[in-house]
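Reading through the structure tokens given below for one structure.
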Number of protein chains: 4
Amino acid sequence: MARLRSDDKREAILTAAAGVFAERGLAAPTSAISKAAGVAEGSLFTYFPTKDDLINALYREIKLGLAGAMMSGFSRQADVRGKLRHIWDSYVNWGIAHPAQRKVLAQLQVSDKLTRETRAVGSAPFAEVQVMARQAVEQGVVRDMPIEVFTSTIDAMATATMELIASNPSQADKYRSLGFEVVWSGIRNG
Amino acid sequence: MARLRSDDKREAILTAAAGVFAERGLAAPTSAISKAAGVAEGSLFTYFPTKDDLINALYREIKLGLAGAMMSGFSRQADVRGKLRHIWDSYVNWGIAHPAQRKVLAQLQVSDKLTRETRAVGSAPFAEVQVMARQAVEQGVVRDMPIEVFTSTIDAMATATMELIASNPSQADKYRSLGFEVVWSGIRNG
Amino acid sequence: MARLRSDDKREAILTAAAGVFAERGLAAPTSAISKAAGVAEGSLFTYFPTKDDLINALYREIKLGLAGAMMSGFSRQADVRGKLRHIWDSYVNWGIAHPAQRKVLAQLQVSDKLTRETRAVGSAPFAEVQVMARQAVEQGVVRDMPIEVFTSTIDAMATATMELIASNPSQADKYRSLGFEVVWSGIRNG
Amino acid sequence: MARLRSDDKREAILTAAAGVFAERGLAAPTSAISKAAGVAEGSLFTYFPTKDDLINALYREIKLGLAGAMMSGFSRQADVRGKLRHIWDSYVNWGIAHPAQRKVLAQLQVSDKLTRETRAVGSAPFAEVQVMARQAVEQGVVRDMPIEVFTSTIDAMATATMELIASNPSQADKYRSLGFEVVWSGIRNG
DNA sequence: GATGAATGAGTCTTCATTCAT
DNA sequence: AATGAATGAAGACTCATTCAT
């Protein structure tokens with residue numbers, strides 16, 4: 001039997017891609033990625049047929065990891081503020097812990113490389129957040145607003161918070177809690 | 001004074017660049033830009049020695065236009081909420097009116113092409129916003145927070161609002177005023 | 001004696017190669033051939049050390065098969081015209097029956113992949129045709145001409161006939177007999 | 001004004017392509033061609049957008065040159081044999097004078113790179129030969145045969161003759177006239 | 001032997017930039 | 001200054017061949 005395609009190698013390439021793309025942008029050559037991953041230039045293409053496929057896979061990988069980080073410990077018992085706080089903290093902490101992925105994600109969002117399907121797959125794991133948002137509005141705990149406003153608000157504010165922390169890490173705790181207070185005051189009802 | 005012919009050409013190139021970059025990303029070839037601008041491929045380089053210079057110039061141009069739109073009609077007499085509302089509306093309206101520039105700006109922000117100087121120059125015209133922010137905090141009208149949090153909040157929320165409007169233009173008025181309410185409630189004191 | 005399993009595999013590869021080369025040209029990747037043959041990519045190289053070796057082996061195989069088809073039923077008793085008719089018909093019929101091999105052969109002839117030895121080996125089984133040609137000339141049955149003219153004439157005309165039949169199969173019988181008349185009238189003496 | 005695209009350069013590339021393809025096959029790298037033509041690798045692509053375009057252009061060029069050689073001096077007054085002799089001689093002589101083009105043509109004929117349109121364009125200039133063939137048949141000067149048989153016969157025999165001459169140039173005159181005798185005897189009526 | 005992942009040289013093509021006109 | 005052909009350094013991707021399993 002021949003060497004089997006290894007998940008380790010696939011993972012190494014994706015990790016290398018995140019690092020390289022974060023530093024040099026999505027235009028970085030695939031050769032830089034394969035080099036960083038410690039594989040031959042051609043090997044990258046046994047795992048990802050094209051650079052665009054790699055980019056899409058990376059997006060999914062990042063979103064999945066993010067979803068894992070955000071959803072673990074998500075309590076259905078907590079009240080809306082508690083749920084939101086959990087999401088907020090885990091999202092921001094993920095960004096702190098994975099700076100390369102955070103940067104890449106920002107570039108991927110505005111790139112034209114993602115397929116419609118990839119975007120859909122990337123959003124799926126966050127369905128529960130949507131549900132929470134809807135319920136919060138219905139229960140009157142937060143303002144009467146379309147859910148897309150709700151989720152955009154959290155996303156935008158969390159992203160901004162991560163960037164502030166990235167440029168001034170010593171203030172992480174302050175930025176994170178302050179950010180949450182702003183968000184919560186902004187959306188809560190009354 | 002009448003504009004020189006070459007100023008027109010420079011302008012045409014910048015406008016074309018905004019359109020092409022918005023559609024095809026910053027990796028779009030300079031030849032596509034010169035073509036869209038109606039000038040020869042080589043002519044682009046008499047106005048911008050390198051592609052990166054063009055990109056930096058475009059950033060400045062966009063930021064300057066944005067500053068113009070935001071600052072015109074800015075009243076020093078108005079109260080903090082009034083000033084903020086003006087800034088908010090003019091920022092969001094600018095985004096609606098200049099979709100290509102808005103998209104390009106989003107890409108430029110996360111790119112690694114901008115020089116430190118360019119970023120500084122781009123921020124300068126918004127100094128007055130900073131002043132207002134500082135005063136608002138000092139007067140206790142808004143929460144006690146570092147100004148970078150203040151400005152990041154507005155920027156992030158306005159950007160998110162523009163994107164919502166872009167994907168659902170019929171709800172522009174609703175999104176804009178709702179967004180402002182969220183922001184204001186989020187940052188005001190008490 | 002039963003064929004060894006590996007002989008089957010070798011045969012499968014050669015057959016697959018004929019089909020793939022006929023469709024996609026000699027530049028077709030070896031991976032396409034191994035796939036068509038139902039063997040692993042690497043296995044091809046246990047039977048043929050290099051792609052060129054495979055190509056040369058395929059040429060020999062095709063020529064050998066062709067020789068078998070042409071020489072079976074070849075009568076030493078028949079007169080020159082009869083012998084020639086037999087060769088002609090069996091050659092043309094082989095082309096009709098083996099379209100892929102015919103196409104590949106045409107490509108191989110003009111390629112630079114065949115070794116001198118391969119070409120020699122490929123010609124050998126047709127020695128008897130050469131003998132017949134020589135005798136025919138000596139006996140004065142056909143024109144006084146160098147044998148290479150004799151064989152080239154038959155080869156060229158038969159090939160042309162096969163191509164006509166390939167592009168218009170319903171006229172096969174007509175093309176074949178007409179072609180023979182042209183050839184025979186062309187070379188016979190007086 | 002910039003340097004204008006020069007026909008000379010285009011011609012140089014086509015000539016180089018003929019030489020390189022003749023020696024190394026159609027799989028020869030474009031870099032070898034640009035080098036042989038004395039231009040930069042990229043320049044080839046300002047004249048021919050893709051390698052396939054170059055190949056198709058080369059085919060047309062060769063066929064056009066061949067048509068020019070064959071049709072010049074073609075007399076409508078001559079009898080059928082005379083016309084045919086002219087075509088035969090000029091065709092064979094062209095092959096002798098342009099060995100690289102002859103070899104390339106042989107490879108192009110069996111390649112899958114030529115578009116339907118290219119093949120059509122390549123055949124067009126030989127319409128007059130078709131006309132002659134048809135008339136010859138109608139007048140009963142040659143056998144009753146479909147024209148495609150007529151033209152295929154001439155083409156196949158002339159090609160074979162050129163190859164014989166190529167491998168034994170000293171016998172050129174003999175091969176050429178002998179070939180013609182074979183063809184004429186083969187197709188004439190009675 | 002069989003397998004197919006791994007390799008990396010080689011290929012076509014793009015494109016920022018230069019420069020002859 | 002304007003033009004656009006010329007340049008050649010990259011870059012994405014292919015594929016014959018090797019080799020670990």
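Between B:Lys9 and F:dA1 there is no side-chain N or O to OP1 or OP2 distance below 4.0 Å. Distances shown here put a side-chain N or O of D:Tyr47 below 4.0 Å from the OP1 or OP2 atom of F:dA6. Checking the phosphate oxygens (OP1, OP2) of F:dC15, no side-chain nitrogen or oxygen of C:Ser31 falls inside 4.0 Å. Listed pair C:Thr30 / F:dA16 meets the phosphate criterion, a side-chain N or O lying under 4.0 Å from OP1 or OP2.
Checking F:dA20 for Watson-Crick or G-U wobble geometry (two distances, each under 3.5 Å) identifies E:dT3 as its partner.
Among E:dA2, F:dT17, E:dT7, the nucleotide with an atom closest to any side-chain atom of C:Lys51 is F:dT17.
Atoms CG (D:Asp53) and C1' (E:dT13) sit 12 Å apart, rounded to a whole Å. Straight-line distance from the CG atom of B:Leu44 to the C1' atom of F:dG4: 13 Å, rounded to whole Å. The nearest whole Å value for the distance from the CD1 atom in B:Ile33 to the C1' atom in F:dG4 is 17 Å.
Ion pairing between C:Arg60 and C:Glu117 holds under the 4.0 Å rule for side-chain N and carboxylate O.
Backbone-only contact: D:Ala28 has heavy atoms under 4.0 Å from sugar-phosphate atoms and none from a base. No engagement by A:Ala27 is indicated, since no non-hydrogen atom pair under 4.0 Å with the nucleic acid exists. If you check every strand for non-hydrogen atoms under 4.0 Å, B:Thr46 touches sugar and phosphate atoms only.
Taken from NZ in C:Lys113 to CG in C:Asp53, the straight-line distance is 12.0 Å, to the nearest 0.5 Å.
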